Structure formats: structure tokens, C-alpha cells
Amino acid sequence: MLDIRFIRENHSLVKEALRSRNCAIDILDLIQMEDNRKELQQAIDELRNKRNIISEEIGMMRKLQLKSDHSIEMAKDKTAEVKEVSDSLKSLEEKLKSAEEAIASVTMIIPNIPHATVPVGKDETSNVEIRKWGEPRQFDFQPLNHWDIAKSLDIIDFDRAAKISGARFAIMKGYGARLERALMNFMLDHNGGRGYKEIFPPILVNRQSMTGTGQLPKFAEELFRIADPEFYLVPTAEVPVTNIHAGEILKEEELPIYYTAYTPCFRREAGSYGKDTRGLIRQHQFNKVELVKFVKPEHSYDELETLTADAEDILRQLGLPYRVMLLCTGDIGFSAAKTYDIEVWLPGQTRYREISSCSNFEDFQARRAKIRFKRGDKKGTEFVHTLTGSGLAIGRTVAAIIENFQQKDGSIVIPEVLRAYMGIELIK
RNA sequence: GGAGAGGUGGCCGAGCGGUCGAAGGCAGCCGCCUGCUAAGCGGUUGUGGGGGUAAUACUCCACCCAGGGUUCGAAUCCCUGCCUCUCCGCCA
């Protein structure tokens, strides 16, 4: 959420930013609504002041001079007077409430303003490659897709998963399941070693949490919802973990806060029919280890770089070639001001695929979730900046390991760093 | 699931219809005092929004879990929801 005062004072900048993000919300209209709201608020404050004063007088009279007929008469007059004030207050308050709701319905679906360093562009073709690590391996045979290899090794079963759940689900079996678990542990250990505190959060969250991080109200069709009682399945650990500090005023010296969390993630994938229908790339349920930071505003862009580097290091440890893309204005997520996608090389598809997304949300989520901090002796509070990055998406990592480390005989070499977790060096 | 109790400031804890943003204590901060420390004395300390100012000062509104209601007036009364605790039942 953007600050309505910021929108008012920088409306041409905001307008331009929204245009670059392909968002067609009318800012001037919103500002007018806000002016109207403010007028109502001021009128209400005045009436309340009047009411408070008179009510206080009534209280005085009652208490001090109950016996005098004169003061009883006066109190009656006052009561009649203040009743009128109260009545007009009531109707104004109703107007204010609907004005506030109308404003919220707009501000809640306005995306974040992209950072100045974000390239302007319509879609993903304008994303910019920042760096590349590792050389895609040269095969002396035709590399296969991970689902074909997994099937012949009997470590992933998509057909039976479809039977028990439906499309876009997978059963991990034997060393496939073991690889999934090994990656979870490896990633959590890796991140823990880099200063991130391990969190295991709830996976069902309430509407407020989903609103705090920006999934609601705009992206309800992407979420799995439980109707009664109302809960949402998290699409990413970012939601419960960022909301850990919702509504809090942190002490300056508590910052920065680094968390890492494993959760399963649930996504409807509405509108992606026909995309990645085979394999582990796009599932309704997948595992992910997430990185979350709460930082002071002046550090958030440095923190984005180190966050991205932390996620990259996992791929380096695993020996998986990747590249880092800076997303353009048209491709960046709703809540983000700047995002780097890390894409891993998949020999079966002969292309790079997203395996991590690292974003600085600045104060966008903090304002929604009311995550603030108090700076030393300064009065007042400021919103923290929040960042998250995948470190990493586990299903896609499994796919990358299978495809990158496949052997001609159909076996898979386990990366060094995972061997202690796996207990073997080769899946065959 | 059944029966009770409760949610007040950084913390503990009073208040149960009017002068309560809220006693008292603790903690914190600023003075004073004091060989040092401890104790003592005085003052001070929440959040958001509006007006005002060069900035302060000053001032108004709101906030005692959340949302409604009663009332001239609600932390206090009523309703709903959420959460916590105790007992019984059930259960991984």
C-alpha cells in the first residue's frame, strides 16, 4: 500500500509509475476521494469536540448541584442540544465510513512504485540479465526431461498423484522423497549459517495476513481457501513469516531481523492452463525454503543484494548453473519495488527457469501490516522495509539436479553437499 | 464439543457510567543528592490523525482485544467475533 499523502504530493510520479506497470487506476479520482474524506473527518472532529464539552458540563451540573431546580432545567436544555449534535454526528460518521471503504478499495489494489534502477518495459522480454554463473554442461548424449528420468528411476509418480489429488501434484518416492528432504535440510542449514533464524510457521493463515503481504484482495483467485472456518493456504512462507511482526513497533536495535522458513506452498495456478503441464515446474503444492528480512529503510537496497547473493550461493554449492535477471516494470510483482529472479539452467528444456525471486518491498507491506520501528530518541515511528527471496524452491531444484546431473545410463549424481543428507552418491 | 474466568500503557495491576489517556508499582529517561555502588528525593516517559509554528510551544479528535449497539456522555452497560486461561470430554 502506498501512503495516500505521498500519492497526493507526487501524483504525476505515481501516475507514471503505474503506467509503466500496466496499471490503469485513476490517481486524480483517488485524491478527490481523499479530500472529501478529510473534510468529513474535520467536520466530525469539530462536532465531537462540541459534544464532549457539553457532555462534560452536564456531568458537572449533575454532580455538583443536583438539588437546584435551576441546574436541572439547564441540564435538560443541554441534553437536548447535545442530542442534536450526536444525531448529526451519526450520519456524518456513516458517510465517513463509506468514504474510507471506497478509498481502501482503491489503495489496496494499487501496486508498489518501481525503484529508479528498475528498467521500464512492458513484459518479461525487457528483463535485464545481470550476471551468469556456471557453464551449462555439454552432454555427449541427448539429455532427458526430469520427469522421464524420474519415471524410469521410480522416484517421482505423477500418474498416481493425479489419481489421489489431480493434475499438478506429485508423489515423491524413495530417493526422490529423500532428495526433497535433503534439500530442505541443506537449505535451512545453509541459511541458518548465514544469520537467518529458522522459523516453522503456520501454513493456514487468516485474511488479514494475506492482506498484509499483498496477496489479498487482488489475487484471491491464486489462493486456496478454506471456507469454514475461513483460512487460506499459504502460497509462500513470505506470508506467515512477514506477518510475524504485523502490528508491532520494533526497537531500532532489533533490526535487521533475518528469518528463514520451510513451508509447503499452495497455488491455484489459475490462468496457467497448458503451461508446464508436465514435471515438477508448476505444481499446486510445492516445497520452498524462504528468506525474509526486516530492515531499516536506508539499508534495504544493500540488503536486497546480500539476500540475492545468499540465494545464489545455494545454487553454487549445488553446482547448478544460473543467471540473475533484473525484472522490468511490466514483469515485477504487485508488492515489489525491485526484484531479481534467479534462473537455473535446465538441460531438458535447454533454457533457464526461475528458481528464486528476491524482492525489496520497501515499506509497501510494512504499511499494510503495520510493521514499524522506533528510531533511537527520535519521536514517532517509521515503517520498516521488508524483503523476501526464495532460498530456494525445492521442487524446481530437484528438477534441476535431475536434469543437470543425469548420466548416460539414466542415473543421477548427487551433489557433494547433499551426500551427507542423502547417504548415497548416485541414484540409479 | 460442554462448563466457567478473563483480555487495560514497555511490564505488573487498579478502575466497572461523567473532570480517565487512564491510580499505584516496576522498568526507562532527565535532574538533585552521594568517596564508589546501593538506597533516597523531584520531574518525566504510548500510538495514529487534524489544526498551528521556521521549528518548538500550544491545541483538537481517536485509540483501554476487534466490530456493532444503548446513552447527553462508555475502559466501564449490552450483542457478536477473535484470543488466552481453568475444568470435563475427545483426539494426532
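Keep in mind that this is a model prediction, so the values were computed, not measured. Residue numbering restarts at 1 for every chain, and letters A, B, ... go by the order of the sequence lines.
Between A/Glu248 atom CD and B/rC11 atom P the separation is 11 Å, expressed in whole Å. Going from atom NZ of A/Lys370 over to atom P of B/rG49 covers 11 Å, rounded to whole Å. For the pair A/Glu382 CD and B/rG48 P, the computed distance is 11 Å after rounding to whole Å. In this structure, CZ of A/Arg367 is placed 15 Å from C1' of B/rG49, rounded to the nearest angstrom. Distance CD (A/Glu93) to C1' (B/rG67): 14 Å, rounded to an integer number of Å. Here the P atom of nucleotide B/rC61 and the CZ atom of A/Arg37 are 17 Å apart, to the nearest Å.
Map A/Phe231 and A/Thr381 each onto its nearest nucleotide of RNA chain B; the residue landing nearer the 5' end is A/Thr381.
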Where do N or O atoms of nucleotides 70-73 of chain B meet protein N or O atoms at under 3.5 Å, pair by pair?
{"from": "B/rC72", "atom 1": "OP2", "to": "A/Lys83", "atom 2": "NZ", "distance (Å)": "3.4"}
{"from": "B/rC72", "atom 1": "O3'", "to": "A/Ser86", "atom 2": "OG", "distance (Å)": "3.3"}
{"from": "B/rC72", "atom 1": "O2'", "to": "A/Ser55", "atom 2": "OG", "distance (Å)": "3.2"}
{"from": "B/rG73", "atom 1": "OP1", "to": "A/Ser86", "atom 2": "OG", "distance (Å)": "3.1"}
{"from": "B/rG73", "atom 1": "O4'", "to": "A/Ser55", "atom 2": "OG", "distance (Å)": "3.2"}

Show the distances under 3.5 angstrom between N or O atoms of the protein and N or O atoms of nucleotides 20-23 of chain B.
none

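Applying the salt bridge (Lys or Arg N to Asp or Glu O under 4.0 Å) rule to pairs touching residues 229-244 of chain A yields A/Arg207-A/Glu230, A/Arg225-A/Glu230, sequence neighbours excluded.
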For a quick test of your reading: what N or O donor-acceptor pairs under 3.5 Å do the side chains of residues 391-404 of chain A make, sequence neighbours left out?
{"from": "A/Arg396", "atom 1": "NE", "to": "A/Ile281", "atom 2": "O", "distance (Å)": "2.9"}
{"from": "A/Arg396", "atom 1": "NH1", "to": "A/Glu354", "atom 2": "O", "distance (Å)": "2.8"}
{"from": "A/Arg396", "atom 1": "NH2", "to": "A/Ile281", "atom 2": "O", "distance (Å)": "2.9"}
{"from": "A/Thr397", "atom 1": "OG1", "to": "A/Ala393", "atom 2": "O", "distance (Å)": "2.6"}
{"from": "A/Glu403", "atom 1": "OE1", "to": "A/Gly348", "atom 2": "N", "distance (Å)": "2.7"}
{"from": "A/Glu403", "atom 1": "OE2", "to": "A/His146", "atom 2": "N", "distance (Å)": "2.9"}
{"from": "A/Glu403", "atom 1": "OE2", "to": "A/His146", "atom 2": "ND1", "distance (Å)": "2.7"}
{"from": "A/Asn404", "atom 1": "ND2", "to": "A/Trp345", "atom 2": "O", "distance (Å)": "2.8"}
{"from": "A/Asn404", "atom 1": "ND2", "to": "A/Ala400", "atom 2": "O", "distance (Å)": "2.8"}

Below 3.5 Å, can you tabulate the donor-acceptor pairs from side chains in residues 156-166 of chain A to any protein atom, sequence neighbours excluded?
{"from": "A/Asp157", "atom 1": "OD1", "to": "A/Asp159", "atom 2": "N", "distance (Å)": "3.1"}
{"from": "A/Asp157", "atom 1": "OD1", "to": "A/Arg160", "atom 2": "N", "distance (Å)": "2.9"}
{"from": "A/Asp157", "atom 1": "OD2", "to": "A/Arg160", "atom 2": "NH1", "distance (Å)": "2.8"}

Pairs of donor and acceptor atoms involving the side chains of residues 417-428 of chain A, under 3.5 Å and at least two apart or interchain, shall be tabulated with distances.
{"from": "A/Arg419", "atom 1": "NE", "to": "A/Ile414", "atom 2": "O", "distance (Å)": "2.8"}
{"from": "A/Arg419", "atom 1": "NH2", "to": "A/Ile414", "atom 2": "O", "distance (Å)": "2.9"}
{"from": "A/Tyr421", "atom 1": "OH", "to": "A/Asp189", "atom 2": "OD2", "distance (Å)": "2.6"}

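Rounded to whole Å, the separation between the C1' atoms of B/rU53 and B/rG35 comes to 49 Å. B/rU44 and B/rG24 are spaced 11 Å apart, taking the P atom of each and rounding to whole Å. Comparing B/rG15 with B/rC83, their P atoms are spaced 28 Å from each other, to the whole Å. Straight-line distance between the P atoms of B/rA39 and B/rG25: roughly 16 Å, to the nearest whole Å.
Heavy-atom distances under 4.0 Å link RNA chain B to A/Gln42, A/Asp45, A/Arg48, A/Asn49 of residues 41-50 of chain A, given in residue order.
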For this session: Decide side-chain hydrogen bond (donor to acceptor under 3.5 Å, both in side chains) for A/Thr386 and A/Gln365; before the verdict, give the C-alpha distance in whole Å, the side-chain angles of both, and the deciding distance to 0.1 Å.
Result: CA-CA 7 Å; A/Thr386 59; A/Gln365 293 180 329; 2.8 Å; yes
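Partners of A/Tyr259 according to the ring pair (Phe, Tyr, Trp, His ring centres under 6.0 Å) rule, which considers only residues two or more places apart in sequence or in another chain, are A/His245, A/Phe294. By the ring pair (Phe, Tyr, Trp, His ring centres under 6.0 Å) test, A/Phe219 pairs with A/Phe334, sequence neighbours left out. Judged as a ring pair (Phe, Tyr, Trp, His ring centres under 6.0 Å), and not counting sequence neighbours, A/Phe231 has no contacts. In this view, A/Tyr175 satisfies the ring pair (Phe, Tyr, Trp, His ring centres under 6.0 Å) rule with no residue, not counting sequence neighbours. Partners of A/Ile53 according to the side-chain contact (heavy atoms from CB on, under 4.5 Å) rule, which considers only residues two or more places apart in sequence or in another chain, are A/Asn49, A/Glu57.
Other residues, nucleotides and ligands place no more than 12 heavy atoms under 6.0 Å from the CZ atom of A/Arg19.
Using a 4.0 Å heavy-atom cutoff across all strands shown, A/Lys374 reaches sugar-phosphate atoms only and no base atom. Among the atoms of the strands shown, only primed sugar atoms or phosphate atoms (P, OP1, OP2) are found under 4.0 Å from some heavy atom of A/Arg5.
By the 4.0 Å N-to-carboxylate-O rule, A/Arg353 lies close enough to A/Asp276 to be salt-bridged with it.
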